[in-house]
Amino acid sequence: MGFWKYICSFQKPIHLLRVRKMKSNETIISRKKPFKANKLWPFFFAAPFLIAYFIFSLFPTLYSFYLSLYDWNGFSPKVFIGLKNYIDLLTIDPLFYKSLSTTVVIMFLSIPFQIIIGLLLANYVYSLRKLQHFVSTVLFIPYIIAPVVVGVIFAYLFDWHNGYINDILLKVGLLKTGVYWLQTPVLVTYLIATMGIWRQAGYCMVIYLAGITSIPVEIYEAAKIDGAKAIQTFFYITIPQLKNISMFLVLTSIIGGLQLFEMPVMLYSSAGGMAAAIVGGPNNAALTIIWKFYDNTFKTGFRLGYGAAMSYLLFVVIVIFTILSFKISTAKKENN
Amino acid sequence: MKNKLYHLILNLIVLCFIIITVFPFFVVLVMGTYTNDNLTRVVPYWFSDYFMGNLRSVLRSNFLQSYFNSVFVSFTSVGVCLLFSAMIGYGVSKFEFKGKKLITAFIVMTMMVPQQITVVGYVIEMRMLHMNNSLLPIIVCWFATPFAAFFMIQFIREAVPSEIIESARVDGANELHIFFAIVRPFIMPGIATIGILTLEQLYAATPHCEQIQSHDLAGFHQQPDIRVQG
């Protein structure tokens, strides 16, 4: 039986099987050899990744949790305080909820726009006959730029004294005096959302473009024969066909949006034309949760345990958002 | 007529988008040709003549060292990451063994864990291993990238025909030989894709790593001399 299984597993034509049957037992055994050796090979291939993951990711993750139960500044002896770090964060620290809500608000301001703009641009670029590559490349450039650089560029653009946006608006005559873009809490929120849209829209476009290209042309042709207009095909064919890609984009944008860090930081860094680095911007309006985490853990606070607790709470938030968006998407599918 | 107008408006809107996209880059280029003092006085819209001067001061500020560091870090970390991901991809997708489902589920789970959660523990771990104040910590943390591994598992399952691997086995090829001579050419497109994605992720996250580096607790009092251009 084992012999037949062995032969069949190679899916050889019948006449070859006969030849093999007649061969001596020895050759069969010698051919079985690589099969026996197989049992350790998969572990050999999986080992480097798993070992690296255990050492450089899993251990630090668990160690972070261990540290989150302590009050420790990195130098003095650790003091075990149980869940006090978590309780402090959730009840006493006013900036935790503020930074969390700032991050979520920025996320909800930017994600719908970047996805809708990306979809519309992808649809437009796909319909282009000339310059398709040129337009898509130009629109994709912002995504290649590191978020740090984006922050610095926007700090220059929106500076009050010699920023381009104020200058242009003044010259055109839309404004009488310059607007304090970076010093007004409400405007800062919109500004950071704009940065997000500016950077991510091209990325969404490229992903959507890949999706649109893979939609079968026959569907469009059938719609055309049935007399559908461009807008109808867009709403009834393109969007439903791209559902999975939209889902992917929403999920990754949410996870990335909750980890927003460099762009707001660089808006208020001394490199960005500002006089001095300020943590959190005006009235902490730009303080995202990761910024608060870095500030408390490594810059001003040196509260390692506190920071570790914060990172775990962020993880919980990310998981909640992921589950929510999954639930929403599957609920829609059931309705359909 | 109506159709033409519609297309004109559409093109104009997209042109606006392109201008908005390109304008900041143009501004950066223009600003690069001015002296610092001039920049605080005027808002420049066209090129000046100080570009070479700025370039000189950039090169004097140890820029090439940072540049080399960036390139070195990205290539070593992404290279090893790709090798490890391809290996686990081959191991998990083309073999039948106990624990296969467990490993796949484990990788999917780890994709959800944000990087920040490891940071605090990672800094302390690197201090314990005496790897602080070097480039190693920001290279090593990319060796096991769950997304790359997940992608490679999916990709190898689809892209590499099992028959070819099996026939190589029948011919007595070593598994390592199969991996490098037969599987590797098949997965080059996937390697390229995931290499670009990981590189982009790494570049976006390098400042995080610098944060780890420069505020590393043990080396906090001495100025770290290794800089990475993000």
Side-chain angles (χ1 to χ4, degrees), chain A residues 9-11 31 34-35 38-39 41-46 48-50 52-53 56-57 59-64 67 74-75 121 124 135 138-139 141-142 144 146-148 153-154 156-157 162 164 167 198 202 255 259 261-262 290 293-294 297-299 304 307-308 311-312 314-315 318-319 322, chain B residues 10 14 17-18 20-22 24-25 27-28 31 39-43 83-85 87-88 90-92 95 97 100 103 110 112-125 140-141 143-144 146 149 163 166-167 169-170 172-173 175 179 200 203-204 206-208 211-212 215 217 230:
Chain A
S9 70
F10 294 122
Q11 294 174 335
R31 292 215 167 156
F35 246 67
N38 271 352
K39 290 206 166 154
W41 277 111
F43 294 105
F44 169 80
F45 280 112
F49 178 88
L50 291 179
Y53 189 83
F56 301 119
S57 291
F59 174 73
T61 309
L62 298 176
Y63 196 62
S64 289
L67 283 178
F75 302 104
L121 283 177
Y124 171 82
V135 175
V138 167
L139 290 171
I141 290 176
I144 309 171
V148 177
I153 294 175
F154 272 70
Y156 270 111
L157 286 177
N162 47 4
Y164 281 81
D167 196 61
W198 182 78
I255 293 173
Q259 298 177 23
F261 171 57
E262 293 99 340
I290 298 288
F293 163 67
Y294 273 108
T297 319
F298 297 114
K299 278 206 150 170
L304 291 180
S311 66
Y312 263 89
L314 175 75
F315 177 51
I318 287 181
V319 168
T322 315
Chain B
L10 201 68
V14 175
F17 268 111
I18 291 177
I20 291 171
T21 311
V22 176
F25 296 106
V27 163
V28 170
M31 288 200 306
L39 272 182
T40 52
R41 256 179 272 130
V42 288
V43 183
L83 177 69
F84 283 10
S85 316
M87 278 174 78
I88 196 173
Y90 177 54
V92 169
F95 289 91
F97 60 100
K100 178 177 167 165
I103 291 180
T110 55
M112 287 223 296
V113 180
Q115 234 183 355
Q116 282 80 21
I117 210 168
T118 66
V119 167
V120 177
Y122 191 67
V123 171
I124 307 298
E125 189 196 3
V140 164
C141 66
F143 281 6
E163 290 80 12
E166 271 159 17
S167 64
R169 258 174 221 159
V170 174
E175 287 297 333
F179 178 68
E200 197 281 329
Y203 251 70
T206 299
H208 282 246
Q211 206 88 11
I212 300 172
H215 299 288
L217 301 162

Quick check: do Tyr63(A) and Glu125(B) have side-chain heavy atoms less than 4.5 Å from each other? no
Angle between ring planes, Phe45(A) versus Phe179(B), binned at 30° and 60°: parallel, tilted or perpendicular? tilted
Atom group of Phe59(A) that falls short of 4.5 Å from chain B, counting heavy atoms: side chain
Top residue by heavy-atom pair count (under 4.5 Å) with chain B, among Pro48(A), Ser57(A), Ala52(A)? Pro48(A)
Reference residue Pro60(A); test side chain to side chain contact (heavy atoms under 4.5 Å, CB included); the match among Val119(B), Val123(B), Thr118(B), Val120(B): Thr118(B)
So, the part of Tyr312(A) with a heavy atom under 4.5 Å from chain B: the answer is both
Between Ile18(B), Val14(B), Val22(B), Val28(B), which residue shows the highest count of heavy-atom pairs closer than 4.5 Å to chain A? Val14(B)
Testing the basics here: between Phe25(B) and Ile141(A), what is the closest heavy-atom pair and its distance to 0.1 Å? CZ-CG2, 3.5 Å
Indicate the atoms forming the closest heavy-atom contact of Tyr53(A) with Pro146(B), along with that distance. CE1-CG, 3.8 Å
Between Ser64(A) and Gly121(B), which heavy-atom pair has the shortest distance, and what is it? OG-N, 3.0 Å
Taking the side chain as C-beta and beyond, is there a heavy-atom pair between Leu50(A) and Ile88(B) under 4.5 Å? yes
Quick one: what part of Val140(B) sits under 4.5 Å from any heavy atom of chain A, side chain, backbone, both or neither? both
Roughly how far, to the nearest 0.5 Å, is OH of Tyr90(B) from CZ of Phe44(A)? 11.0 Å
What part of Ile20(B) gets closer than 4.5 Å to chain A, counting heavy atoms only: side chain, backbone, both or neither? both
Does any part of the side chain of Pro142(A), heavy atoms only, come nearer than 4.5 Å to the side chain of Thr21(B), both counted from C-beta? yes
Go through Ile318(A), Leu121(A), Asp167(A), Ile153(A) and name the one with the most non-hydrogen pairs under 4.5 angstrom from chain B. Asp167(A)
Based on non-hydrogen pairs under 4.5 Å, which of Leu157(A), Leu67(A), Ile144(A) is most in contact with chain B? Leu157(A)
Any non-hydrogen side-chain atom of Ile117(B) less than 4.5 Å from a side-chain atom of Leu314(A)? no
